[in-house]
Amino acid sequence: MTLSTSSLAQPADLPALDKLLGQSELASAIQHYGLTLVTQQLRLLLAQLRSRAVAQQLPTADVEPAAIIQQLKQQLTTVTASRLKSVINLTGTVLHTNLGRALLPDSAVAAVTQVLTQPTNLEFDLTTGKRGDRDSLIEDLICELTGAEAATVVNNNAAAVLLMLNALASQQEVIVSRGELVEIGGSFRIPDIMSSAGSTLVEVGTTNRTHYADYQRAINEHTAMLMKVHCSNYAVVGFTKETTLNELVKLGQQHQIPVTVDLGSGTLVDLAEWGLPHEPTVKETLTAGADLVTFSGDKLLGGPQAGFIVGRKSLIDIIKKHPLKRALRVGKLTMAALESILALYRSPELLPERLTTLGLLTRAKSDIQQQAEQLAPSLQQTLGSDYQVASAPMHSQIGSGAMPIDSLPSYGLIVHYLGSAKASRAIMELEQWLRTQATPIIGRLHKNALYLDCRCLTSEQAHLLKATWSSHPL
Ligand SMILES: *Cc1c(COP(=O)(O)O)cnc(C)c1O
């Protein structure tokens, strides 16, 4: 755009900062955001306008006080908008690590709100009036639900494994099968955790086959632990041999070496009860003889981010006294949410109604299908005849590495592009458009089509979806 010089503003035409701040149109913004932030943002805006004026690129209309104030208000809305936003998860992955994993029910949220706004007995023993131990608030409950003798909680499962190794196997050897040297997304790798803990990883067997004798041969006077890691996010299939936990326990007992299991997802109930694939429970693992078990709070358990170490009391006592335990301990928000979530497990038959994650995992396909079919016409109308929107069956994933090869029958929308432009490009643009809405809508690209799985869609969000795409025709 070329502008005639007469319609261009000069730097001297810019109104003074104080004059702008005194305008009555800014009074409500100053009351809302405070004078400091408004002044800072106005300075930034005026500096930008000045550079454009110097570059002979500023139309005179843009230096009108009303125009500047309008721009300033927009700028204030943008800079104060929350970076952590709610999104609509149509990826089909229920426990999506990048979207914050487990969602908590209102009961847990209420417990968190209470400890955030009111003093609490976090580390205060109400019986003795002396200092208490925060773990004790939920230790009984964890033991009741898992059959463990003792338990401790830290910030996440990576921290649980790190702490366990540091406390029990620092400067010593830990034997792990080559088939179980897991990498979990976000750079948690068993070999790296071992070296951070100062433990020497002794790999035994091969990727697909590890025998009892492989473990047996590797044991020496430096061995501090036999460790099994649950293959959360992959499966070894075909010509395979895994030494069972029972066998390893026998070996550990013979040599008086603790056997530990990193279960990863770790559920407290048998999910097969609700037609989901069976995942070893914490209780089963302890019953099979594991001395310690580690698992996450925000995967299948359905709680807040946390990591548990449960099992033999003599080992837990050592772990609790380690200095890293203090560094990795959980805050009161986590404690409150955990207590509330764990308590739900006392009534297992009511879990699908009360535990959000299990509700999503067990949601009936017919219900999801009905929702998808209701949504399809409105999206089709928004996108027009260049696109084809079909409601169709698809498969959801549990996510977070839980049961990587099992998938859940679900329903959703599949969008194909039929127009004359490049299909892959058009579909990518559609995905981006949905992702950049005020409430971002996150789908999944697959073979030049956009998949929108409705499993995790609440009815409120479904209204929001419809409103979003009907108010913004592409
Ligand atoms: C997920 C997982 C971890 C890490 O747990 P976070 O809670 O994400 O720290 C560790 N080990 C296994 C086997 C896992 O599946």
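Just so it is clear, the structure is predicted and the values come from calculations on it, not from any experiment. Order of listing sets the numbers, starting from 1, for every ligand and every atom in it. Along the sequence shown, residues are numbered consecutively beginning with 1.
Using the six-membered ring where Trp is involved, Tyr387 and Tyr417 have ring planes that are perpendicular, over 60° apart on the 30 and 60° scheme.
Between Asp291 and Arg312 there is a salt bridge, since a side-chain N of the basic residue sits under 4.0 Å from a carboxylate O of the acidic one. Taking the charged nitrogens against the carboxylate oxygens, Lys299 and Glu279 have no contact shorter than 4.0 Å, which rules out a salt bridge. Between Glu123 and Arg329 there is a salt bridge, with a side-chain nitrogen of the basic residue lying less than 4.0 Å from a carboxylate oxygen of the acidic one. Classification of Glu431 and Arg444 as a salt-bridged pair fails, no side-chain N sitting under 4.0 Å from a carboxylate O.
Residue-ligand proximity, Ala158 to ligand 1, at heavy-atom distances under 4.0 Å covers atoms 4 (C), 5 (O), 6 (P), 9 (O). Less than 4.0 angstrom separates some heavy atom of His230 from each of these atoms of ligand 1: 13 (C).
Residue Gln305 does not touch ligand 1, judged by heavy-atom distances below 4.0 Å.
Where the criterion is an N or O separation shorter than 3.5 Å, residue side chain and backbone included, Ser296 meets it with respect to ligand 1. For the pair Ser265 and ligand 1, the shortest N or O to N or O distance does not fall below 3.5 Å. Taking only nitrogen or oxygen atoms, main chain and side chain alike, Arg101 reaches within less than 3.5 Å of ligand 1. Not a single N or O atom of Asp298, backbone or side chain, sits closer than 3.5 Å to an N or O atom of ligand 1.
Two residues are said to be in side-chain contact when any heavy atoms from C-beta on lie closer than 4.5 Å; Leu165 and Met227 meet this criterion.
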